[in-house]
Amino acid sequence: MRIAVYPGSFDPITYGHLDVVSRAAAVFDRVVIGVLVNPAKGAPFFPTEERVKVIREAIGECCPADVAERVEVESFEGLTVDFCRRRKAGFVVRGLRAISDFESELQMAHTNRKLAPEVDTVFFMTALEHSYLSSSLVKEIAALGGNVDQMVPPSVAKRLAARGRGL
Ligand code: PNS
């Protein structure tokens with residue numbers, strides 16, 4: 001069984017992330033989306049449990065059943081490679097949107113490989129139509145009243161709108 005962990009902040013998940021999930025599911029038997037509890041970027045906009053819940057809903061909404069049944073979502077703390085070991089995953093999956101992502105992703109891949117030589121990193125090029133997307137931009141647009149329906153799944157758009165209305 002080829003198991004891959006797709007780690008990230010997913011604050012919130014976008015169609016770009018979901019594209020990477022579908023691509024990874026075409027290659028691996030199981031994809032475990034690992035939601036980092038405390039991203040280095042600072043306090044998350046959505047609490048951990050909400051990010052996990054939203055991703056599960058988004059997978060149900062956007063992925064065909066044969067993909068959805070092979071995708072798990074779990075939060076984790078600590079090192080990504082330790083999470084991989086716990087989940088018996090031999091691979092880390094990451095998406096590359098543009099050349100600007102490459103440098104930090106290369107550094108992370110090399111570091112993870114140094115920490116855990118048995119875990120390899122596999123990159124998927126995010127689909128061109130989603131390559132401009134980032135979670136931070138989505139949050140900014142939603143906060144300023146813009147429409148993010150083409151950027152995030154309905155479960156996320158609904159929550160961003162509710163936050164905007166102070167709910
Ligand atoms: O969605 P993000 O914020 O780009 O994801 C970054 C993430 C979660 C993959 C990275 O910060 C990470 O792996 N953090 C866990 C701590 C860790 O393992 N650090 C060493 C990685 S080189």
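Keep in mind the model is a prediction, meaning the values are calculated, not measured. Read the numbers this way: they start at 1 and go in the same order the structure lists the ligands and their atoms.
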List every atom of ligand 1 that sits less than 4.0 Å from any heavy atom of [X], numbering the atoms from 1 in the order shown and giving each element.
| X | value |
| --- | --- |
| Gly78 | 15 (C), 16 (C) |
| Leu36 | 8 (C), 14 (N), 15 (C) |
| Met108 | 10 (C), 21 (C), 22 (S) |
| Asn112 | 21 (C), 22 (S) |
| Thr111 | 22 (S) |

Part of Thr80 within contact of ligand 1 (heavy atoms, under 4.0 Å):
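For Thr80, backbone and side-chain atoms both sit under 4.0 Å from ligand 1.
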
At under 4.0 Å between heavy atoms, which part of Arg94 makes contact with ligand 1: side chain, backbone, both or neither?
side chain

Among protein heavy atoms, which sits nearest to atom 1 (O) of ligand 1, and what does the distance come to when rounded to 0.1 Å?
Ser9 N, 2.9 Å

min-distance protein heavy atom vs atom 19 (N) of ligand 1 -> Leu79 CD2, 3.9 Å

Taking Tyr15 as the fixed residue, which of Leu133, Val152, Val148, Thr126 is the one that meets the side chain to side chain contact (heavy atoms under 4.5 Å, CB included) rule?
Leu133

Checking side chain to side chain contact (heavy atoms under 4.5 Å, CB included) between Arg51 and each of Pro44, Ser75, Pro12, which is the one that passes?
Pro44

Could you give me the CA-CA distance, side-chain angles and deciding distance for Glu57 and Arg159, then say whether side-chain contact (heavy atoms from CB on, under 4.5 Å) is met?
CA-CA 12 Å; Glu57 285 173 18; Arg159 280 178 170 82; 3.0 Å; yes

Mind checking whether Val93 and Phe124 have side chains closer than 4.5 Å, heavy atoms only?
yes

Quick one: CG on Asp11 to CG on Leu36, what's the gap to the nearest 0.5 Å?
10.5 Å

To check you understand the geometry: which heavy-atom pair defines the closest contact between Ile55 and Phe10, and what is its length?
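Looking at all heavy atoms of both residues, the shortest contact is CD1-CB, 3.6 Å.
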
Just checking, Arg163 and Phe45: is the charged tip under 6.0 Å from the six-membered ring centre and within 45° of the axis?
yes

